[in-house]
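Take a look at the structure set out below.
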Amino acid sequence: MQYIKQIDILRKQIKEYKKQGKIIGLVPTMGALHEGHASLFDAARKECDIVVASVFVNPIQFGPNEDFDKYPRPIEDDKKVAETHGVDILFNPEVEEIIGDNLLAFVDINKLSDNLCGAKRPGHFRGVCTIVSKLFNIVTPDKGFFGKKDIQQLMIIKKFVADLNFDIEIIGCPIIRESDGLAKSSRNKYLSDSERQDAAVINIALKHTVEMYNKGEKNAAKLTDAFLSTMFNIASAKIDYVHIVDENMQNVQTATDGNILAAAVYIGNTRLIDNHILGEQICW
Ligand code: PAF
């Protein structure tokens with residue numbers, strides 16, 4: 001595996017691979033790699049000749065009071081995970097290399113970023129869209145791989161790629177869960193033992209709500225109330241949001257297959273997100 005920190009070196013290498021007709025896959029990450037990321041590397045490995053993974057904790061997608069400074073950066077561990085899962089190039093630029101000190105151009109998206117995490121984290125998706133566009137322009141991949149845990153991010157990336165004519169296929173990969181159902185996340189590392197136990201209830205609440213939907217309840221307010229009442233007894237939990245949304249991330253009143261039940265919950269100070277696409281099999 002090549003470990004590259006500079007854009008020009010990466011570009012030279014990519015041009016070489018393109019001359020050879022190789023299909024390039026990109027898995028953008030912020031590091032602190034876990035089995036969720038590993039599953040993206042595996043998917044990219046299956047579909048592409050060359051797998052590029054980026055590890056970059058992107059300052060412009062964090063709000064002023066968020067966890068940018070404390071976000072874990074275990075780069076030596078990350079190198080091992082990436083190498084074990086067949087990554088060919090690990091791109092790990094410094095902030096100055098990617099952002100510089102005078103970034104004035106941004107990529108933003110309307111409507112899809114108004115609700116859910118976009119409403120709770122102003123500017124977050126502008127930061128995500130900008131950095132992902134930069135990575136797309138640097139790596140020029142044929143395919144980009146993103147996890148469905150960040151479902152709003154995935155839908156936004158698909159939409160800006162279509163709207164701005166990036167010639168890249170975006171592939172959404174399944175949520176990977178712990179044995180008790182908690183969605184794998186780099187932020188799970190912040191949880192104390194008791195918070196870790198409480199966090200498992202997010203998935204129980206999600207599952208309970210999906211089961212109600214599967215049994216015939218289609219009223220979105222009743223479904224989200226069911227989620228809230230399951231979480232109610234968890235003292236460390238504070239609901240940031242729970243909504244059922246359509247593909248444009250707009251709340252629906254009547255739920256149908258393909259809509260997304262999406263939640264963000266603080267467990268202590270740690271904000272966790274999870275979701276389920278209604279009509280898809282419960283796989284946990
Ligand atoms: O999902 C993430 O880890 C980040 O939002 C991403 C896509 C790497 C952009 O910084």
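Read the numbers this way: they start at 1 and go in the same order the structure lists the ligands and their atoms. No experiment lies behind these values; they were computed from the predicted model shown. Residues take their numbers from the sequence shown, with the count starting at 1.
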closest protein heavy atom to atom 3 (O) of ligand 1 is M30 CG, 3.6 Å
In this structure, atom 10 (O) of ligand 1 is nearest to the protein heavy atom Q61 OE1, 2.6 Å
(Q) Could you tell me if K120 sits above the aromatic ring of Y241, with its cationic atom closer than 6.0 Å to the ring centre and no more than 45 degrees from the axis? (A) no
When distances are taken from atom 7 (C) of ligand 1, the protein heavy atom at minimum range is Q153 NE2, 3.5 Å
To the nearest 0.5 Å, atom NE2 of H37 lies from atom CD1 of I176 at 11.5 Å
Could you tell me whether N58 and ligand 1 have an N or O pair separated by under 3.5 Å?
-> no
The atoms of ligand 1 lying under 4.0 Å from a heavy atom of P28, numbered in the order shown, are 8 (C)
For T29, the atoms of ligand 1 under 4.0 Å from one of its heavy atoms are 8 (C)
Does a salt bridge link R271 with D240, judged by any charged N lying under 4.0 Å from a carboxylate O? yes
So salt bridge (charged side-chain N to carboxylate O under 4.0 Å, His left out) across residues 245-257, not counting sequence neighbours, yields none
So, do K5 and E97 sit near enough that their side-chain heavy atoms are less than 4.5 Å apart? no
N-O pairing of K22 and D88 below 4.0 Å
no
Quick note on ligand 1: atoms under 4.0 Å from a heavy atom of I131 include exactly 9 (C), 10 (O)
